[in-house]
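Just follow the structure's listing: the first ligand is 1, and inside any ligand the first atom is 1.
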Amino acid sequence: MFEKVLIANRGELALRIHRACREMGIRTVAVHSEADANAMHVRLADEAVCIGPARSAESYLNKQAIISAALITGADAIHPGFGFLSENADFAEMVELHGITFIGPTAEQMRLLGDKITARQAAIEAGLPITPGSAALESVEDARVWANKIGYPVIIKAKDGGGGKGMKVAFSDEDIAEAYTMAKAEAKAAFPSDVVYMEKYLQHPRHIEMQILADKYGNVIHLGERDCSIQRNHQKVIEECPSPALNQSQRQEIGQIVCNAIKKIGYQNAGTLEFMYEDGKFYFLEMNTRLQVEHPITEAVSGIDIVKEQIRIASGAALGYTQEDIQFRGHAIECRINAEDPDTFAPCPGKITEWHAPGGLGIRVDSEIYSGYTIPPFYDSMIAKLIVHAKTRNAALMRLRRALEEFIIMGVKTTIPLHQNIISQHEFIDGQYNIHWLTEYMNKHQKKA
Ligand code: ADP
């Protein structure tokens with residue numbers, strides 16, 4: 001097992017990884033930007049190294065600085081977390097070349113699955129159900145030809161896309177030129193490549209994803225699904241486990257398909273296969289070759305600590321579980337709480353003057369915040385994840401309502417009122433929502449106001 005792990009991340013996630021290491025008797029190295037010198041994970045880690053100025057490009061994305069920090073402190077592994085360098089195959093390769101273990105899949109697996117076009121091909125070969133789609137698009141004319149072959153509506157996506165950026169929907173030949181041009185321009189601005197491709201656009205799907213764990217010896221298990229259909233701008237807002245839309249036999253069926261596919265691909269470590277689910281059918285979207293923001297709801301229901309498993313697998317240990325050992329208990333819901341204006345979604349960094357997190361049975365709060373902490377303006381606006389777990393979905397909803405009421409964050413605006421609003425809507429209470437529900441609900445609501 002590793003003796004010292006460097007955590008190449010910040011915020012609640014750096015703290016999450018630190019906690020797992022601590023409980024495994026592993027020493028931790030925090031790396032931080034100049035703006036994060038007072039962060040909680042920096043205070044708690046055994047050692048801390050400043051890796052550059054506030055701008056992520058010069059600190060959390062600075063591969064050389066992070067690897068130097070690992071070498072200087074003698075860390076034997078690096079956990080990349082999510083975001084930042086977590087899906088950067090070149091970084092994974094550099095880390096390994098320096099004799100340090102990258103806690104994640106191999107660089108080769110990341111390259112295959114990080115590119116949406118090659119990932120789709122691998123998914124088809126591995127037997128995953130998928131939406132009809134195109135090859136890389138060469139021109140507007142090419143896009144028009146493909147769209148007519150696939151059938152409108154279609155969505156044009158960047159092959160290197162992520163974070164819901166660079167995606168444009170076209171409903172007819174009239175929209176195709178604009179969708180193609182805009183998707184390509186957005187891809188060029190945000191991603192390494194401006195290559196785009198097209199998929200059939202599903203009109204009322206849910207977003208359901210499967211969590212898997214795979215060791216280096218070909219053992220694969222799944223930890224069930226998460227329903228992440230409550231989205232705004234293609235970004236997840238609330239997630240729940242299990243999905244209100246699936247029954248046990250559907251779960252087992254897709255679980256089996258996913259485990260077989262992962263074995264064929266030869267993937268190792270933790271990963272998530274994202275699907276859309278419409279009219280009883282699954283359509284593979286992409287695979288995230290890293291930990292996900294919403295992993296705690298799976299931990300609550302399965303009882304498995306996913307971060308510890310990632311570390312164990314990377315150290316060469318075999319999976320300690322077979323599929324039969326995994327029992328799903330109860331229901332969990334996560335709210336992503338952002339420091340944002342709940343109406344306009346404008347980021348709202350600043351000083352937290354008062355902080356009181358909810359507690360009690362079945363409550364987990366993952367957050368780096370403490371009273372007197374100043375949220376820097378340079379990074380993602382998520383400041384806390386509130387996770388509730390209870391025996392049934394109804395009980396989880398009651399617990400979530402209670403926990404949101406108890407949560408006190410003063411000094412900055414947060415999205416807590418938005419969450420309170422969402423969970424009191426009958427579509428959410430009944431579990432009858434798809435990926436468009438929140439946007440449609442908010443459009444209606446804003447018009448009335
Ligand atoms: P990213 O990598 O940017 O997160 P994804 O491919 O995972 O992009 O898609 C993000 C979200 O966009 C999905 O959860 C879904 O809401 C929507 N989406 C993506 N592809 C489609 C599609 N073919 N049909 C309908 N919605 C889609």
Original post:
What orientation do H436 and Y201 show, parallel under 30°, tilted 30 to 60°, or perpendicular over 60°?
Top reply: tilted

**OP:** Among all protein heavy atoms, pick the one closest to atom 16 (O) of ligand 1 and tell me residue, atom and distance.
**Re:** Q231 OE1, 2.7 Å

Subject >> Ionic contact status for E186 with K168, cut-off 4.0 Å >> reply: yes

Original post:
Starting from atom 8 (O) of ligand 1, which protein heavy atom do you reach first, and at what distance in Å?
Top reply: K116 NZ, 3.2 Å

Subject >> Closest approach of any protein heavy atom to atom 3 (O) of ligand 1, naming residue and atom >> reply: G164 N, 2.6 Å

Original post:
Relative to the heavy atoms of I435, which atoms of ligand 1 are at a distance of less than 4.0 Å?
Top reply: 15 (C), 16 (O), 26 (N)

Original post:
Does any N or O in the side chain of K216 come within less than 3.5 Å of the main-chain N or O of A314, such that one atom is a donor and the other an acceptor?
Top reply: yes

Subject >> Pair R55 + E34: basic N to acidic O under 4.0 Å >> reply: no

Original post:
Looking only at side chains, do N338 and D380 share a donor and an acceptor under 3.5 Å apart?
Top reply: no

Original post:
Looking at ligand 1, does any of its N/O atoms fall within less than 3.5 Å of an N/O of T131?
Top reply: no

Original post:
So which heavy atom in the protein is nearest atom 23 (N) of ligand 1, and how far is it from that ligand atom?
Top reply: K200 O, 2.8 Å

Original post:
Distance-only, no hydrogens or angles: does the T289 side chain make a donor-acceptor pair with backbone N or O of M110 under 3.5 Å?
Top reply: no

**OP:** Take the angle between the ring planes of W437 and Y433 and call it parallel below 30°, perpendicular above 60°, tilted in between.
**Re:** tilted

Original post:
How about D36 and Y60: does a side-chain donor come under 3.5 Å of a side-chain acceptor?
Top reply: yes

**OP:** For atom 6 (O) of ligand 1, state which one of H204, K157, E286, M198 supplies the nearest heavy atom.
**Re:** K157

Subject >> Nearest non-hydrogen protein atom, atom 12 (O) of ligand 1 >> reply: H234 ND1, 3.1 Å

Subject >> Heavy atom of the protein closest to atom 24 (N) of ligand 1 (residue, atom name, distance) >> reply: L202 N, 2.9 Å

**OP:** Please could you name the atoms of ligand 1 that E274 approaches to less than 4.0 Å, counting only its heavy atoms?
**Re:** 7 (O)

Subject >> Heavy atom of the protein closest to atom 22 (C) of ligand 1 (residue, atom name, distance) >> reply: M276 CE, 3.3 Å

Subject >> Closest protein heavy atom (residue, atom, distance) for atom 10 (C) of ligand 1 >> reply: M167 CE, 3.8 Å

